[in-house]
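In listed order, ligands and their atoms are each counted from 1.
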Amino acid sequence: MDAAVIVEVGPRDGLQNEPGFVATADKLALIGRLAASGLSRIEATAFVAPKWVPQMADHDAVMRGVPRRAGLVYSALVPNVQGAAAAIAAGADELAIFTAASESFCRRNINCTIAESLERFRPVMALAAEHGLPVRGYVSCVTDCPYEGAVAPAAVTRVALALRDLGCTEIALGETLGRAEPGRVAALVADVAASLPPERLAGHFHDTGGQALASIDVCLAHGIRVFDAAAAGLGGCPYAPGAKGNVATGRVARHLAARGFRTGIDAERLAEAEAFAAALRGAG
Ligand code: HMG
Ligand code: MG
């Protein structure tokens, strides 16, 4: 049986969009349940500016409080070296930097151009290397931008290669709006996969239009085996109005199992974690 990996992004991508502040203890309780389900990678929080994303303001306490288990990697989303230094000090095992294939989204999300974002990441990469940490790079808006519309695959490949050149171990293709038809995802993945091996890629699909599992199938056909998901489909992006959460973790786990992939996840425990996540929605 082949292995596939689910990266749980609910505590970050899911909760970042919750309108009311979710208590740190609840975030940690969610992460604890997710950890107990056998997931091997969890994006625990984001070391971003609290005035931009207030929900992640407790990043330090969350990263310091996560339950550790051998083989379980906790990553932190970081926009700059300030965030990277804080994430490393708090015990992050992996960093995730993020930019976009669309200038307008990049500007709204991290207040700089794509080129400036890549320059900003250089000291992040140097710091991560000093500490021996892997860095994932996200490209947002891989098919569509909320402000510019359709995005050309070649623009995504250019940014993905720039992140690879910076030293990212994995490039996550972010379908931020979650509305792309699988045919458009296929064109995008084919373009990127012509330049980067599938082992370096991950699929990050929001599920606004209910097409995320079909997009995952497109990725599987190209040999991609790493997929992001959020417990109970929590979330969205504060800078992509109307976009829904990532595809739900349980749905992805069942989908991968049905296609013969081993994920190491205990379905019952994951269901408990997802019930807890669903109860947090709107409860803050
Ligand atoms: P800025 O305002 O241009 O930056 O924001 P600045 O350098 O002028 O700093 C402004 C203030 O923020 C200063 O504080 C800094 O100290 C502070 P003040 O002097 O005003 O008190 N600051 C920080 N505080 C904590 N941690 C930091 C940090 N950096 C600066 N790391 C910045 C630029 C990038 C910081 C800001 O735009 C930001 O934090 N953006 C984050 C946006 C975000 O988190 N978006 C959601 C995540 S991305 C996403 O969801 C997409 C993804 O899921 C993939 C997909 O679906 O496509 C990944
Ligand atoms: Mg996202």
Side-chain angles (χ1 to χ4, degrees), residues 7-18 43-63 75-90 92 95-102 104-114 116-121 123-124 127 135-147 151 156 159-160 163 168 170-180 185 188 202-208 212 215 227-230 233-249:
V7 179
E8 171 61 50
V9 296
R12 192 282 300 171
D13 206 344
L15 294 182
Q16 73 182 7
N17 211 40
E18 275 299 304
E43 194 168 275
T45 187
F47 286 75
V48 295
K51 77 170 184 194
W52 284 69
V53 185
Q55 188 63 254
M56 297 285 111
D58 58 353
H59 38 232
D60 209 59
V62 169
M63 191 50 89
S75 69
L77 192 77
V78 303
N80 54 21
V81 74
Q82 182 180 339
I88 293 170
L95 303 182
I97 55 178
F98 56 113
T99 185
S102 132
S104 307
F105 184 82
C106 194
R107 169 65 62 193
R108 304 265 182 137
N109 197 35
I110 50 175
N111 202 22
C112 63
T113 65
I114 297 169
E116 284 165 352
S117 74
L118 296 170
E119 282 310 307
R120 228 181 236 183
F121 296 149
V124 173
L127 195 62
V135 182
R136 151 185 263 214
Y138 281 101
V139 185
S140 282
C141 304
V142 294
T143 56
D144 299 275
C145 165
Y147 312 104
V151 171
V156 180
V159 178
L163 289 170
C168 288
E170 179 176 275
I171 314 296
L173 301 172
E175 210 286 76
T176 318
L177 293 187
R179 291 189 188 283
V185 174
L188 170 262
H204 176 101
F205 296 104
H206 287 259
D207 202 19
T208 317
S215 295
F227 300 102
D228 296 2
L234 279 178
C237 172
Y239 299 98
K244 284 205 182 146
N246 292 83
V247 59
T249 312

Visitor: Given side chains that start at C-beta, do those of Phe47 and Asp60 come closer than 4.5 Å, heavy atoms only?
Guide: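 Phe47 reaches Asp60 side chain to side chain.
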
Visitor: Could you report the tightest heavy-atom contact between Ala46 and His59, atom names first, then the distance?
Guide: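 Of all heavy-atom pairs spanning Ala46 and His59, the closest is O-ND1, 2.9 Å.
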
Visitor: Heavy atom to atom 40 (N) of ligand 1, shortest distance: which of Ile97, Asn109, Asn17 holds it?
Guide: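 Closest candidate by heavy-atom distance is Asn109.
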
Visitor: Looking at ligand 1, would Val78 count as a contact under a 4.0 Å heavy-atom criterion?
Guide: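 No.
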
Visitor: When you look at Val156 and Leu188, which way does the side-chain contact (heavy atoms from CB on, under 4.5 Å) test go after all the steps?
Guide: CA-CA 8 Å; Val156 180; Leu188 170 262; 3.7 Å; yes

Visitor: Minimum heavy-atom separation for Ala76 to Met63, with atom names?
Guide: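 What the structure gives for the nearest pair is CB-CE, 3.7 Å.
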
Visitor: With nothing but distance in play, are any N or O atoms of Phe105 less than 3.5 Å from an N or O of ligand 1?
Guide: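 Not met; the criterion fails.
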
Visitor: The Mg ion (ligand 2) is nearest to which N, O or S atom of His206?
Guide: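 Result: NE2.
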
Visitor: So if I count the atoms of ligand 1 from 1 in the order they appear, which ones are less than 4.0 Å from some heavy atom of Gln82?
Guide: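 Those qualifying, in numeric order: 16 (O), 22 (N), 23 (C), 24 (N), 25 (C), 28 (C), 29 (N), 30 (C).
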
Visitor: Enumerate the atoms of ligand 1 whose separation from the nearest heavy atom of Gly174 is less than 4.0 angstrom.
Guide: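 Atoms satisfying the 4.0 Å criterion: 57 (O).
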
Visitor: Shortest non-hydrogen contact from Ala92 to Leu95?
Guide: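 Minimum heavy-atom separation between Ala92 and Leu95: CB-CD2, 4.3 Å.
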
Visitor: Would you say that Thr143 contacts Val151 through its side chain, given a criterion of any heavy-atom pair below 4.5 Å between the two side chains?
Guide: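 Thr143 vs Val151: side chains apart.
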
Visitor: Considering only heavy atoms, does Asn80 approach ligand 1 within less than 4.0 Å through its side chain, its backbone, both, or neither?
Guide: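 Answer for Asn80: side chain.
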
Visitor: Please say which of Glu175, His204, Glu8 ends up in a side chain to side chain donor-acceptor pair (under 3.5 Å) with Asn246.
Guide: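 In the set Glu175, His204, Glu8, the residue that makes a side chain to side chain donor-acceptor pair (under 3.5 Å) with Asn246 is His204.
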
Visitor: Compare every heavy atom of His206 with every heavy atom of Leu177, then report the nearest pair and how far apart it is.
Guide: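 Closest heavy-atom pair between Leu177 and His206: C-CB, 4.4 Å.
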
Visitor: Cation-pi check for Tyr138 against Arg12: NZ or CZ below 6.0 Å from the six-membered ring centre and within 45 degrees of the axis, yes or no?
Guide: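 Yes.
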
Visitor: Under a 4.0 angstrom heavy-atom cut-off, which atoms of ligand 1 come close to Lys51?
Guide: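 Going through ligand 1 atom by atom, the ones under 4.0 Å from Lys51 are 10 (C), 20 (O).
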
Visitor: Begin from the C-alpha positions of Val142 and Thr176 and carry the test side-chain contact (heavy atoms from CB on, under 4.5 Å) through to its verdict.
Guide: CA-CA 7 Å; Val142 294; Thr176 318; over 6 Å; no

Visitor: Would you check, one step at a time, whether the test side-chain contact (heavy atoms from CB on, under 4.5 Å) holds for Arg179 with Thr208?
Guide: CA-CA 6 Å; Arg179 291 189 188 283; Thr208 317; 3.5 Å; yes

Visitor: Counting only heavy atoms closer than 4.0 Å, does ligand 1 sit against the backbone of Pro79, its side chain, both, or neither?
Guide: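 Pro79 to ligand 1: side-chain contact only, backbone stays beyond 4.0 Å.
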
Visitor: At a non-hydrogen distance cut-off of under 4.0 Å, which region of Met56 contacts ligand 1 (side chain, backbone, both, or neither)?
Guide: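 Contact part for Met56 vs ligand 1: neither.
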
Visitor: Would you mind listing which atoms of ligand 1 come within a distance below 4.0 Å of any non-hydrogen atom of Val48?
Guide: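 Counting atoms of ligand 1 from 1, those under 4.0 Å from Val48 are 25 (C), 26 (N), 27 (C), 39 (O), 41 (C), 44 (O).
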
Visitor: Please name the atom of Asp13, restricted to N, O or S, that is closest to the Mg ion (ligand 2).
Guide: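 Of all N, O or S atoms belonging to Asp13, OD2 is the one nearest the Mg ion (ligand 2).
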
Visitor: Tell me whether ligand 1 is touched by Pro50 - counting only heavy atoms on the residue side and a distance under 4.0 Å.
Guide: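 Pro50 counts as a contact of ligand 1 under the 4.0 Å cut-off.
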
Visitor: So, is Tyr138 polar-close to ligand 1, with some N/O to N/O distance under 3.5 Å?
Guide: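 No: no nitrogen or oxygen of Tyr138 is under 3.5 Å from one in ligand 1.
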
Visitor: Between Arg12 and ligand 1, find which residue part has any heavy-atom pair under 4.0 Å and reply side chain, backbone, both or neither.
Guide: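 Side chain only.
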
Visitor: Examine Asp228 and say whether one of its N/O/S atoms is closer to the Mg ion (ligand 2) than 2.8 Å.
Guide: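 Coordinating: no.
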
Visitor: Considering the heavy atoms of Asp13, write down every atom of ligand 1 situated less than 4.0 Å from one of them.
Guide: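 Result: 50 (O), 53 (O).
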
Visitor: Test of understanding: given a 4.0 Å heavy-atom threshold, classify the contact between Phe98 and ligand 1 as side chain, backbone, both, or neither.
Guide: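 Side chain only.
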
Visitor: Would you name the heavy atoms of Ala202 and Arg136 that are closest together and state the gap between them?
Guide: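 Between these two residues, the closest heavy atoms are CB-NH2, 3.3 Å.
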
Visitor: Below 4.0 angstrom from a heavy atom of Asn111, which ligand 1 atoms are there? Numbered from 1 as shown, please.
Guide: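 Within the 4.0 Å cut-off of Asn111, ligand 1 contributes 1 (P), 3 (O).
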
Visitor: Hey, which atoms in ligand 1 end up nearer than 4.0 Å to a heavy atom of His206?
Guide: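 Counting atoms of ligand 1 from 1, those under 4.0 Å from His206 are 56 (O).
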
Visitor: Could you tell me which non-hydrogen atom of Gly10 sits nearest to which non-hydrogen atom of Ala230, and how far apart they are?
Guide: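 Reported closest heavy-atom pair: CA-CB, 3.6 Å.
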
Visitor: What are the atoms of ligand 1, with element, lying closer than 4.0 Å to any heavy atom of Arg120?
Guide: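 Per the distance check, 34 (C).
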
